[in-house]
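Notes follow the structure.
Atom set for the values below is all heavy atoms of this structure, side chains included, hydrogens, waters and symmetry mates excluded.
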Amino acid sequence: MTIPHYLQFKDFDAATYAYLFERAAFIKRKFKAVEKYQPFADPDRTLAMIFEKASTRTRVSFEAGMYQMGGSVVHLTTGDSQLGRAEPIEDSARVISRMVDIVMIRTFEQSKIEAFAAHSRVPVINGLTNEFHPCQILADIFTFIEQRGSIQGKVVAWVGDGNNMANTWLQAAELLGFTVHVSTPGGYEVDPVLAGIGHRDCYKVFKDPREACKGAHLVTTDVWTSMGFEAENEVRREAFKRWCVDEDMMRAAQPDALFMHCLPAHRGEEVSAEVIDGPQSVVWDEAENRMHVQKALMEYLLLGRLA
């Protein structure tokens, strides 16, 4: 039997995403109405969360979501489980996957999570790697659909680092039929080979970040220095100073354009306070929606299609 995993956005097809967005909306309605929905209660399902990179939102969203669905959680940090250090990753996967029903890993190299999944008896979810962040883009697109309807045919402006978020946006654009306008400083461009996309029709590159925002339906960014690259912080601050999403960039976008940020945010660096705290920002809905889409994702990986 083939074990389903979620390691990159392109692991699922468009029809599966349509299903997941419907389930996330259903599960969110239950949550807002304070109606119990616990498909993991009987039999009890257990999620193992392995963190080599710390996170507030990833831990809270997965842990709260699993408990709300009636399941249990085992939380492992680098002190408890160092993938590939204390023992081979393959051995950790063989052991842990015999004791739980599903695993979420937040780590550094994508190769680590790929190796774990290859030897796991249960589904594995990518909670973030250096290369990809599929759960975040799942939440971002669900948030856009909630606010503006279908994302197909729309334009998303990515302003900032060509990082794991940018890579995942490109995969989503290729799969779901929208376009990403990418603007990064020189030396921080997106690599389409690393991003794993089949063609370049899904994105356009702009040297000027304001030009990238022209006509966009969504403007989004991330911190200038991702976790693991702290030694480059001062160099990056200088390189990225023109890539702060401000009110001028938002004025270049569609009048009803949304602003998103995966958080944590640094006001005055990658985004101005006026934008992130302004009327076009949906960052708090976006953050909450991590939990709802991940609940739908875990339901799908454990129980398959229910509707």
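Closest approach of L301 to P123, counting heavy atoms only: O-CG, 3.7 Å. Of all non-hydrogen atoms in V283 and L263, the two that sit nearest each other are O-CD1, 4.2 Å. Looking at every heavy atom in both residues, G127 comes nearest to R106 through O-NH1, 3.3 Å. When all heavy atoms of S97 and S120 are compared, the closest pair comes out as CB-OG, 3.4 Å. Shortest non-hydrogen contact noted between V122 and H5 is O-CE1, 3.3 Å. Across every non-hydrogen atom of V282 and L258, the tightest pair is CG1-CD2, 3.9 Å.
Qualifying side chain to side chain donor-acceptor pair (under 3.5 Å) partners for N289, counting only residues two or more places apart in sequence or in other chains: K28, T143, E146. Taking E299 as the reference, R23 meet the salt bridge (charged side-chain N to carboxylate O under 4.0 Å, His left out) condition, with sequence neighbours excluded.
For F12 and Y6, the gap between ring centers is short of 6.0 Å. For an aromatic pair to be called close, the ring centres must be under 6.0 Å apart, and F240 with Y188 satisfies this.
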Go through the steps for V271 and F259 under the test side chain to side chain contact (heavy atoms under 4.5 Å, CB included), then give the verdict.
CA-CA 10 Å; V271 61; F259 171 77; 3.4 Å; yes
Residues K295, Y37; criterion side chain to side chain contact (heavy atoms under 4.5 Å, CB included); working and verdict:
CA-CA 11 Å; K295 287 161 79 172; Y37 179 63; over 6 Å; no
If you apply the rule ring-ring contact (aromatic ring centres under 6.0 Å, His included), what do you find for H292 with F31, and how did you get there?
CA-CA 9 Å; H292 302 304; F31 175 80; 5.1 Å; yes
Check step by step if side chain to side chain donor-acceptor pair (under 3.5 Å) holds for E189 and T184.
CA-CA 6 Å; E189 298 88 352; T184 70; 5.0 Å; no
Residue pair E274, M250: steps toward the side chain to side chain contact (heavy atoms under 4.5 Å, CB included) verdict
CA-CA 10 Å; E274 292 77 13; M250 293 304 298; over 6 Å; no
Audit row: T107, I50, side chain to side chain contact (heavy atoms under 4.5 Å, CB included) steps and yes/no:
CA-CA 8 Å; T107 187; I50 302 174; over 6 Å; no
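The side-chain heavy atoms of I137 and Q171, taken from C-beta on, include no pair separated by under 4.5 Å. Looking at C213 and V159, their side chains come closer than 4.5 Å, going by heavy atoms from C-beta outward. Looking at heavy atoms from C-beta onward, L7 lies out of side-chain contact with F116 at the 4.5 angstrom threshold. Looking at heavy atoms from C-beta onward, M69 lies out of side-chain contact with L47 at the 4.5 angstrom threshold. Looking at M249 and P209, their side chains come closer than 4.5 Å, going by heavy atoms from C-beta outward. Using a 4.5 Å heavy-atom threshold, the side chains of K112 and I105 count as separate. The closest side-chain heavy-atom distance from F62 to I125 is below 4.5 Å. M260 is not listed as a side-chain neighbour of V156, based on a closest heavy-atom distance of 4.5 Å or more.
Side chain to side chain, K53 and N130 meet the donor-acceptor criterion of an N or O pair below 3.5 Å. For the residue pair D140/Q136, the side-chain donor-acceptor check at 3.5 Å is satisfied. There is a side-chain donor-acceptor pair under 3.5 Å between Q294 and S61. With no hydrogens or angles considered, a side-chain donor-acceptor pair links T58 and R290 at under 3.5 Å.
Residue-environment remark: CZ (R98) stays at or below the threshold of 12 foreign heavy atoms within 6.0 Å.
When atom types are taken as modelled, the side chain of N164 and the backbone of H133 share no donor-acceptor pair closer than 3.5 angstrom. Remark: the backbone N or O of T46 is not paired with any side-chain donor or acceptor of S72 at under 3.5 angstrom. With R236 contributing its side chain and W224 its backbone, the two residues share a donor-acceptor pair below 3.5 Å. For the pair E211 (side chain) and K207 (backbone), a donor-acceptor distance under 3.5 Å is absent. Proximity of a side-chain donor or acceptor of Q254 to a complementary backbone N or O of A216 within less than 3.5 Å is not detected.
Going from atom CH2 of W243 over to atom CG of D208 covers 8.0 Å, rounded to the nearest 0.5 Å. The structure places CG of L175 at 10.5 Å from CG of D11, a figure rounded to the nearest 0.5 Å. Note that OH of Y203 is 12.5 Å distant from NE2 of H181, once rounded to the nearest 0.5 Å. Atom CD in Q110 sits 9.5 Å away from atom CG in L128 (nearest 0.5 Å). In this structure, H261 NE2 and T220 OG1 are separated by 7.5 Å, a value rounded to the nearest 0.5 Å. From R57, atom CZ reaches atom CD of E286 across 10.0 Å, with rounding to the nearest 0.5 Å.
Linking Ile, Leu, Val, Met, Phe, Trp and Tyr whenever their side-chain heavy atoms come within less than 4.5 Å puts Y17 and I27 in one cluster. L218 and V205 fall within a single hydrophobic cluster, where Ile, Leu, Val, Met, Phe, Trp and Tyr are joined by side-chain heavy atoms under 4.5 Å apart, directly or via other members. Two different hydrophobic clusters hold V60 and I102 under the rule that ILVMFWY side chains link at heavy-atom gaps under 4.5 Å.
Taking 4.0 Å as the cut-off between side-chain N and carboxylate O, E288 and K32 count as a salt-bridged pair.
Taking the six-membered ring for Trp and thresholds of 30 and 60 degrees, F142 and F21 have nearly parallel ring planes, at less than 30 degrees apart.
Cation-pi geometry between R59 and F51 is not satisfied (NZ or CZ under 6.0 Å from the ring centre, within 45° of the ring normal).
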